[in-house]
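One structure is given here, and the rest of the page talks about it.
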Amino acid sequence: MKPAGLLLVDKPEGPTSHDMIAIVRQAMGIRPVGHTGTLDPFASGLLLLCVGWATRLAEYLVPLPKLYRGTIRLGERTDTDDLTGTVVARSDDWRGLGPDQVQRALDDQVGEIEQLPPAYSAKKLSGRRAYEVARAGGTPDLKTQRVTIRRLSLCEMALPDLTVEIECSSGTYVRSLARDLGASLGVGGHVIGLRRLRVGEFEVEDALELDRETPADLVCQQLRPPETAVTHLERVELDDEDASSFGHGRPVALEAGEPQGPMAVFAAGALLAIGECRDGSLWPKKVFASATQ
């Protein structure tokens with residue numbers, strides 16, 4: 001049986017998220033490996049990788065909220081909104097900033113906000129990535145998107161640098177937050193350090209520190225069962241008769257209520273499928289034949 005499951009990886013600074021996928025593919029001898037949200041090369045921290053048939057579960061991990069710890073440098077704006085870019089504006093006005101002024105600017109970023117993605121982002125525009133347009137000298141026609149900043153805490157203020165923790169919805173760009181914070185203070189800003197600490201209930205402290213020297217058997221030992229990826233979904237257990245019917249594409253009746261969103265469907269303690277509720281019945285959306293092989 002080919003390996004399948006969820007792998008928690010602590011990505012170091014430098015490699016891309018796809019570099020980490022390549023390492024896992026080589027170590028486990030399997031092609032299907034996918035991420036549930038990338039980290040920029042300069043950033044470190046938690047990557048959730050789905051392996052084998054569990055890649056079909058990746059979409060249910062992508063929307064999970066994230067927790068980051070980042071360092072924002074005020075007084076400089078870059079074209080990428082991070083330390084890898086070219087400085088396009090400077091200001092020494094950060095020297096006149098006080099703690100109360102900084103805190104008010106941070107507080108203004110909390111809640112549901114409209115955020116413009118960075119020009120150098122992977123957003124697709126008519127089949128091209130925004131960063132491809134930007135690198136070619138163009139101006140990507142990006143649209144704002146609604147994101148939620150649940151918490152933005154000031155951990156350390158050593159001007160021109162601020163160290164903050166950001167608890168946010170999926171799709172939030174910390175680089176954009178740094179850019180907008182600097183703009184609201186009138187001095188500019190960009191990210192100079194970023195680490196992802198948590199995705200949903202998964203913590204970076206539990207992740208594997210991975211590089212090309214990591215033994216293959218250690219990578220395999222750290223693979224978690226596929227059902228780990230859907231513990232945040234509502235769970236339903238089917239008996240043998242309903243499981244057989246459901247596994248062949250037929251709906252089953254729900255005993256009570258009609259839950260919102262996808263459900264993790266189990267049979268005999270094993271993950272059988274992802275289901276969705278319609279008209280009082282549970283319908284199969286994804287059935288995992290490989291789960292019982």
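Heavy atoms only: backbone and side chains are in, while hydrogens, waters and symmetry mates are out.
- A pairwise comparison of heavy atoms in L57 and P226 identifies CD1-O, 3.4 Å as the closest pair.
- Counting heavy atoms from C-beta on, the side chains of H190 and L74 never come closer than 4.5 Å.
- With rounding to the nearest 0.5 Å, the separation of CZ in R31 from CD in Q26 is 12.0 Å.
- Q145 places a side-chain N or O within 3.5 Å of a backbone atom of G171 that can act as its donor or acceptor partner.
- Remark: side-chain polar atoms of S170 are not paired, donor with acceptor, to backbone N or O of P65 under 3.5 angstrom.
- Taking each heavy atom of L142 and A119 in turn, the nearest pair found is CD1-CA, 3.8 Å.
- A donor-acceptor pair under 3.5 Å is formed between the side chain of E237 and the backbone N or O of A268.
- In E114, the CD atom is crowded: over 12 heavy atoms of neighbouring residues, nucleotides or ligands sit closer than 6.0 Å.
- Proximity of a side-chain donor or acceptor of R90 to a complementary backbone N or O of E76 within less than 3.5 Å is not detected.
- Between R151 and E167 there is a salt bridge, since a side-chain N of the basic residue sits under 4.0 Å from a carboxylate O of the acidic one.
- At a threshold of 4.5 Å between non-hydrogen side-chain atoms, the residues L39 and Y68 count as touching.
- For the atom pair CZ (R128) and CZ (R135), the distance works out to 11.5 Å, reported to the nearest 0.5 Å.
- The line from CG of L97 to CG of L162 is 8.5 Å long, rounded to the nearest 0.5 Å.
- You'll find the side chain of R129 reaches within 4.5 Å of the side chain of K124, heavy atoms only.
- Salt-bridge formation is detected for the pair D141/K143: a Lys NZ or Arg NE/NH1/NH2 atom is positioned less than 4.0 Å from an Asp or Glu carboxylate oxygen.
- Counted within 6.0 Å of CD on E209, heavy atoms from surrounding residues, nucleotides or ligands total 12 or fewer; the atom is thus considered open.
- Using modelled atom types, no side-chain atom of S44 and backbone atom of P12 make a donor-acceptor pair closer than 3.5 Å.
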Take V252 and L238, measure what side chain to side chain contact (heavy atoms under 4.5 Å, CB included) needs, and give me the verdict at the end. CA-CA 9 Å; V252 298; L238 301 182; 4.1 Å; yes
Step-by-step side chain to side chain contact (heavy atoms under 4.5 Å, CB included) determination, L46 to D10: CA-CA 5 Å; L46 182 59; D10 185 354; over 6 Å; no
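- Side-chain atoms of K66 come within 3.5 Å of backbone atoms of L64 as a donor-acceptor pair (strictly under, hydrogens ignored).
- Between atom CG of residue L7 and atom CD1 of residue I21 there is a gap of 11.0 Å, rounded to the nearest 0.5 Å.
- At least one side-chain heavy atom of Y60 sits under 4.5 Å from a side-chain heavy atom of P262.
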In sequence, state the C-alpha distance, the side-chain angles, and the governing distance for I23 and T214, and then conclude on side chain to side chain contact (heavy atoms under 4.5 Å, CB included). CA-CA 9 Å; I23 292 172; T214 305; 5.8 Å; no
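- A salt bridge links D40 to R175: at least one charged side-chain nitrogen sits closer than 4.0 Å to a carboxylate oxygen.
- Residue-environment remark: CG (D240) stays at or below the threshold of 12 foreign heavy atoms within 6.0 Å.
- Once rounded to the nearest 0.5 Å, the distance linking CZ of R196 with OG1 of T38 reads 7.5 Å.
- Under the 4.5 Å side-chain heavy-atom criterion for grouping Ile, Leu, Val, Met, Phe, Trp and Tyr, L197 is not connected to V164 through any hydrophobic cluster.
- You'll find the side chain of F202 reaches within 4.5 Å of the side chain of R224, heavy atoms only.
- In the model, S245 has no side-chain atom that pairs as donor or acceptor with a side-chain atom of D242 under 3.5 Å.
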Using the rule given for side chain to side chain contact (heavy atoms under 4.5 Å, CB included), can you reason through Q101 versus L185, listing the C-alpha separation, both sets of side-chain angles and the distance that settles it, and then say yes or no? CA-CA 8 Å; Q101 188 177 1; L185 290 168; 4.0 Å; yes
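- No continuous path of ILVMFWY side-chain contacts below 4.5 Å connects V133 to Y120, so the two sit in separate hydrophobic clusters.
- Checked by atom type and distance alone, the side chain of R25 never pairs as donor or acceptor with a backbone atom of M20 at under 3.5 Å.
- Between Q221 and L218 the shortest side-chain heavy-atom distance falls below 4.5 Å.
- The shortest side-chain heavy-atom distance between H35 and H18 falls under the 4.5 Å cut-off.
- More than 12 heavy-atom neighbours from other residues, nucleotides or ligands sit within 6.0 angstrom of CZ on R146.
- Considering all non-hydrogen atoms of both residues, Y173 and P117 come closest at CE1-CB, 3.7 Å.
- At least one donor-acceptor pair under 3.5 Å links the side chain of D79 to the backbone N or O of T86.
- Linking ILVMFWY residues whenever their side-chain heavy atoms come closer than 4.5 Å, directly or via other members, places I274 and W53 in the same cluster.
- For the residue pair D82/T84, the side-chain donor-acceptor check at 3.5 Å is satisfied.
- Heavy-atom minimum distance, G186 versus S91: O-OG, 4.4 Å.
- In the hydrophobic clustering of ILVMFWY residues, with side-chain heavy atoms under 4.5 Å counting as a link, L208 and V204 come out apart.
- The 12-atom threshold is exceeded at CD of E59, counting heavy atoms of other residues, nucleotides or ligands nearer than 6.0 Å.
- When the options T163, D107, L106 are evaluated for a side-chain contact (heavy atoms from CB on, under 4.5 Å) with L154, the one that passes is L106.
- V9 and L6 fall into different hydrophobic clusters, defined by Ile, Leu, Val, Met, Phe, Trp and Tyr side-chain heavy atoms under 4.5 Å apart, directly or through other members.
- We find the NZ-OG1 distance between K11 and T16 to be 7.5 Å, quoted to the nearest 0.5 Å.
- Judged by the 6.0 Å and 45° rule, R235 forms a cation-pi pair with F266.
- The minimum heavy-atom distance between A178 and V191, with the atom names listed, is CB-CG2, 3.5 Å.
- The residues R69 and E156 are annotated as not salt-bridged, no charged nitrogen and carboxylate oxygen being separated by less than 4.0 angstrom.
- R195 and E13 are not joined by a salt bridge, as no carboxylate oxygen comes within less than 4.0 angstrom of a charged side-chain nitrogen.
- S153 places no side-chain N or O within donor-acceptor distance of the main-chain N or O of C155, the cut-off being under 3.5 Å.
- Annotation: side chain of I149 is in contact with side chain of L177 (closest heavy-atom distance under 4.5 Å).
- Under the 3.5 Å distance criterion, the side-chain polar atoms of S169 are matched with a main-chain donor or acceptor of T148.
- Of all heavy-atom pairs between V230 and A264, the closest is CG2-CB, 3.9 Å.
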